[in-house]
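One structure is given here, and the rest of the page talks about it.
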Amino acid sequence: MDKIIENLEIIDITEEGKGVAKASGRVYFVENASLGEVIDAKITKEKKNFIEAAKKRTLKQSPYFVEPICPYFDNCDGCTTMNLTYEKELELKVQMVKDKLERIGKTKVDDSDIIKCPNRKHFRNKIELKVNARGELGYYLSRSHSLVSIDKCIVAGENTNKLIPIIEEKIKELGLKGYDRKSKSGEIKNITIRENKLGELQVTLTLSELNKKVEKLFEKLMEVENIIEIHYSINKDPRSEIMKDTILVHRKKEYKDSIENLQFNISPRSFFQTNSIMTGELYKEAVRQMNLTGEEKLLDLYCGIGSTSLYFANYAKEVIGVEVVKDAVDDAVLNAELNEIDNVKFILGKSEDKISKYLKDVDILVVDPPRKGLDKKVIEEVSKSNIEKIMYISCNPSTLARDVALFKEIGFEIKEVKLVDMFSNNLHVETVVLMSRK
């Protein structure tokens, strides 16, 4: 028999979108619960310090409730705050960053706000879809291989949404299947779709194997008007679905996207911010905080395809970008040529290995690391240097706060914090932080 806890008031939301409640001295993390709701919940797992639960019924609706704009909201966990007003979502993001900086980063931030996204729909330029044994496309639920079948994604580009049912129809028609880890059968591990501001599409299939049916799928996709590039990647590891080295199958023209007046070649494995519109706002905010005069030299770690380096190069004397992914460095070099920018250079290698060579000759260190944050060696090298100013662009408030605490130990303090809403409908957020020596 289900164990039910009654009359739980949801007082907070975690970064993953779970409702937080407290009752009888216990903390509850509740799936599908919204801030301000009063609910009954079914306990799913009891641990020493907290209880996991799932919402059973709503007794009192949240005062911040709005009707979700996505038909899959109740089943898909990709957009966790779509049922809250946008104002409340933004408020939660700002408070979350402040709380983490104070609790983990040992730094109290009084003044911080967030730059709004103009639209909660159709802002993503990249999605990754899975396929099940029936050939249906969708998303995995977090921390599982349980697929939620969809025929559109409200946050994806409009031409991406037109493509989803076309791909599904072709997959079913050809008898292709999604890869199943248990049976080790099926061809398709992942379908990555990118859409640029012109509505042009780049499609990359990650496969367990290449066969005649897959090749036939490529032929059918070549007939789709807006697809300008098709790539595939073979990953034979039964436990992995990540994209490895890619092979070009079809190209009408090179896939590019833009940030303000800059153009970028983007290869399938290269990182590019998923919200093209707000990326310009993100970089503009970083330039404002750095107060660039045109005389500064910047070291830009984790630079990807050079989007930050090339943007900042318009406001600085020189920028050195460091990136570990070779495809991204190749893209960065091409992007410098494409935009006729000659005051940048790009270095292939790990940021933690290259920083010591270049840090001594620059005025500002720029870091835009992946979600895991900075390698400790980066902070160690900063501690041995004379660098006075650090611009930290973060997609993960927890690791940002951890690194802020470490920088604080070596004499840095936060001068300014501002958030940019790159990821509407959930609590993920980009944060721009300027630090300097005390």
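Note that the numbering runs from 1 along the sequence shown for the chain. From a predicted model like this one, the values you see are computed outputs, not experimental measurements.
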Contact between Asn235 and Glu241 at the side-chain level, heavy atoms closer than 4.5 Å - yes or no?
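No, every pair of side-chain atoms sits at 4.5 Å or beyond.
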
Ring geometry between Phe264 and Phe272 (parallel below 30°, tilted from 30 to 60°, perpendicular above 60°):
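Rings of Phe272 and Phe264: tilted, as their planes differ by 30° to 60°.
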
Stepwise, does the salt bridge (charged side-chain N to carboxylate O under 4.0 Å, His left out) test hold for Glu223 with Lys220?
CA-CA 6 Å; Glu223 298 169 4; Lys220 290 181 179 292; over 6 Å; no

For [X], is the [atom1] atom crowded, meaning more than 12 foreign heavy atoms sit under 6.0 Å from it?
X      : atom1 : answer
Glu225 : CD    : no
Lys177 : NZ    : no
Lys326 : NZ    : no

Would you please name every residue forming a side chain to side chain contact (heavy atoms under 4.5 Å, CB included) with Tyr315, sequence neighbours left out?
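So Tyr315 forms a side chain to side chain contact (heavy atoms under 4.5 Å, CB included) with Val287, Leu292, Tyr311.
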
Name each donor-acceptor pair under 3.5 Å that joins a side chain in residues 42-54 to protein atoms two or more places apart or in another chain, with its distance.
from  : atom 1 : to    : atom 2 : distance (Å)
Thr44 : OG1    : Glu52 : O      : 3.1
Glu46 : OE2    : Lys3  : NZ     : 3.0

Are Lys256 and Asn196 close enough, and set up right, to give a side-chain hydrogen bond (donor to acceptor under 3.5 Å, both in side chains), and what steps lead you there?
CA-CA 7 Å; Lys256 297 182 177 71; Asn196 63 20; over 6 Å; no

Would you sort out whether Ser270 and Asp327 count as a side-chain hydrogen bond (donor to acceptor under 3.5 Å, both in side chains), showing the intermediate values?
CA-CA 6 Å; Ser270 294; Asp327 287 355; 5.9 Å; no

Go through the steps for Glu89 and Lys93 under the test salt bridge (charged side-chain N to carboxylate O under 4.0 Å, His left out), then give the verdict.
CA-CA 6 Å; Glu89 178 187 312; Lys93 289 179 178 182; 3.1 Å; yes

To the nearest 0.5 Å, tell me how far [X] [atom1] sits from [Y] [atom2].
X      : Y      : atom1 : atom2 : result
Glu128 : Ile193 : CD    : CD1   : 10.5 Å
Ser398 : Asp99  : OG    : CG    : 11.0 Å
Ser424 : Met82  : OG    : CE    : 9.0 Å

Donor-acceptor contact present, side-chain Ser34 to main-chain Ser62, <3.5 Å:
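No: the side chain of Ser34 does not pair with the backbone of Ser62.
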
Ignoring hydrogens, what is the shortest heavy-atom contact between Leu374 and Asp403? Give both atom names and the distance.
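So the two residues come closest at N-OD2, 3.0 Å.
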
Where do Ile164 and Ile150 come nearest, in terms of heavy atoms and distance?
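Nearest heavy atoms, Ile164 then Ile150: CG2-O, 4.0 Å.
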
Which residue in the set Lys55, Lys60, Arg57 passes salt bridge (Lys or Arg N to Asp or Glu O under 4.0 Å) when paired with Glu37?
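In the set Lys55, Lys60, Arg57, the residue that makes a salt bridge (Lys or Arg N to Asp or Glu O under 4.0 Å) with Glu37 is Lys55.
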
